[in-house]
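Have a look at the structure below before the remarks.
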Amino acid sequence: MSAVRSTQVGIVGGGPAGLLLGHLLARQGIDSVVLEARSRPYVEQRVRAGVLEQGTVDLLKANDLGERLQREGLVHEGLELRFDGIGHRIPLAELTGGRAITVYGQQKVVADLTDARLAAGGDLLFEVGDVSLHAIDSDAPSIHFRHDGADHELRCEVIAGCDGYHGVSRDAIPAGAVQVYVREYPFAWLGILAEAPPSSEELIYCHHERGFALHSLRSPELSRLYLQCDPSDELDVWPDERIWEELRTRFATRDGFTLNEGPVVDKLITPMRSVVVEPMQYGRLFLAGDAAHTVPPTGAKGLNLAVNDVRILAGALADWLASGASEGIARYSEQCLEKVWRVQHFSWWMTSMLHRPAGRDPFEHKLQRAQLRYVTRSRAAATTLAENYVGLAGA
Ligand code: PHB
């Protein structure tokens with residue numbers, strides 16, 4: 001026997017997409033339940049991306065989620081492209097009429113959203129297992145799951161699949177009902193979090209013949225660093241000393257750049273792929289965030305795309321559930337996909353320009369260098385990078 005209850009929107013996944021959707025819906029009087037497979041400490045501690053576009057920051061602030069973000073977020077008005085041992089600053093704000101990005105760890109966004117939801121008495125269940133979706137092509141879909149040792153059935157008007165790339169939502173759609181576009185890249189990123197003061201105030205995207213490297217940060221005491229590595233590498237071939245040596249080599253400049261080092265407190269290898277599921281809807285199931293699309297991290301876009309989906313979905317669902325207006329939900333997928341594909345292109349472009357090509361193809365290497373020189377010398381080309389990086393308004 002299952003315990004049965006009802007809600008308007010059943011949200012699968014308590015990451016940034018699911019939690020923000022629940023938050024935006026609650027502000028419009030729509031009831032939802034958020035189901036998360038992991039524990040609360042796990043979700044709030046796992047180190048993820050950290051770059052918020054201007055539009056993402058504006059949306060969080062406009063919805064009462066900006067208090068800690070305002071205090072701890074680090075506003076960046078430029079970034080550095082480094083190649084041939086020389087750094088070139090791209091003045092993001094100057095090129096985009098004052099727009100900037102904010103460095104603020106994704107797990108902080110998740111913690112802020114969790115606090116807001118629990119403070120408002122919203123339903124959020126952690127450590128939910130055996131999740132399955134039912135009757136998603138009818139007007140009475142439901143979610144079955146286990147929680148606290150019991151079986152549950154959640155009857156919904158709509159289900160939002162916000163459970164990421166490995167979640168169950170996308171697989172609930174019958175094969176053939178959606179088209180899945182995939183591009184696998186022949187490299188991965190090894191990311192570390194180190195207890196070392198950042199070696200530069202701004203992010204450094206570094207192209208080097210040994211492979212790409214990225215310098216980022218989380219606070220005045222914490223550096224976040226990435227290295228291009230082989231997708232088949234296991235963490236045990238990357239002891240800390242090898243990581244630092246490789247980072248020193250790739251970031252070295254002609255004028256003696258020094259990389260600050262310190263204890264490594266987190267280490268992870270992430271594969272790189274681009275995926276888009278089209279359409280992002282099937283019956284009463286709406287996909288949002290990584291459940292619908294993933295981008296390689298080079299453009300720093302994953303979280304921002306998820307926020308854009310959820311912004312559109314929350315508005316469309318509120319219109320429909322409150323007043324029966326269905327134009328918004330009918331256009332949900334089409335509206336999201338426009339930005340999804342723009343961002344796919346930008347992320348693919350940044351990735352292709354900066355990484356060591358497979359097989360070290362010399363022709364491709366020459367093209368990359370030509371492109372890097374162009375982007376750092378031409379104001380038009382630099383503006384293309386800048387406006388995509390801070391987030392194009394309206395696309
Ligand atoms: C990060 O700080 O984790 C980060 C920054 C920029 C990227 C990807 C990740 O492109």
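Values reported hereafter were calculated over all heavy atoms of this structure, with side chains retained and with hydrogens, waters and symmetry mates removed. We number each residue from 1, following the sequence as shown. Every number for a ligand or one of its atoms is a count from 1 in the order of the listing.
Less than 4.0 angstrom separates some heavy atom of Leu203 from each of these atoms of ligand 1: 5 (C), 6 (C). Under a 4.0 Å criterion applied to the non-hydrogen atoms of Ala300, ligand 1 contributes the atoms 6 (C), 7 (C), 10 (O). When each atom of ligand 1 is checked for a heavy atom of Val51 under 4.0 Å away, the hits are 5 (C), 6 (C). Listed by number with element, the atoms of ligand 1 under 4.0 Å from a non-hydrogen atom of Pro297 are 7 (C), 8 (C), 10 (O). Counting atoms of ligand 1 from 1 in the listed order, those under 4.0 Å from a heavy atom of Leu214 are 5 (C), 6 (C), 7 (C), 8 (C), 10 (O).
Aromatic ring centres of His207 and His365 lie closer together than 6.0 Å.
What sits closest to atom 2 (O) of ligand 1 on the protein, heavy atoms only, is Ser216 OG, 2.6 Å. With hydrogens left out, the protein atom closest to atom 6 (C) of ligand 1 is Tyr205 OH, 3.2 Å, a heavy atom. With hydrogens left out, the protein atom closest to atom 4 (C) of ligand 1 is Tyr226 CE1, 3.9 Å, a heavy atom.
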Subject >> Steps toward salt bridge (charged side-chain N to carboxylate O under 4.0 Å, His left out) verdict (Glu201, Arg89) >> reply: CA-CA 12 Å; Glu201 282 181 10; Arg89 183 167 191 267; over 6 Å; no

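Side chains of Ser2 and His152 form no contact here, defined as non-hydrogen atoms less than 4.5 Å apart. Using a 4.5 Å heavy-atom cutoff, the side chains of His208 and Phe83 are not in contact.
For Glu77, the CD atom counts as loosely surrounded, since its 6.0 Å shell holds 12 or fewer non-hydrogen atoms of other residues, nucleotides or ligands.
Relative ring orientation between Phe212 and Trp189 is described as parallel, the plane-to-plane angle staying below 30° on a 0-90° scale split at 30° and 60°.
Heavy atoms of Met350 come nearer than 4.0 angstrom to ligand 1 in no pair at all. Heavy-atom separations between Trp189 and ligand 1 include at least one value shorter than 4.0 Å.
A salt bridge does not link Arg99 with Glu53: every distance from a Lys NZ or Arg NE/NH1/NH2 to an Asp or Glu carboxylate oxygen is 4.0 Å or more.
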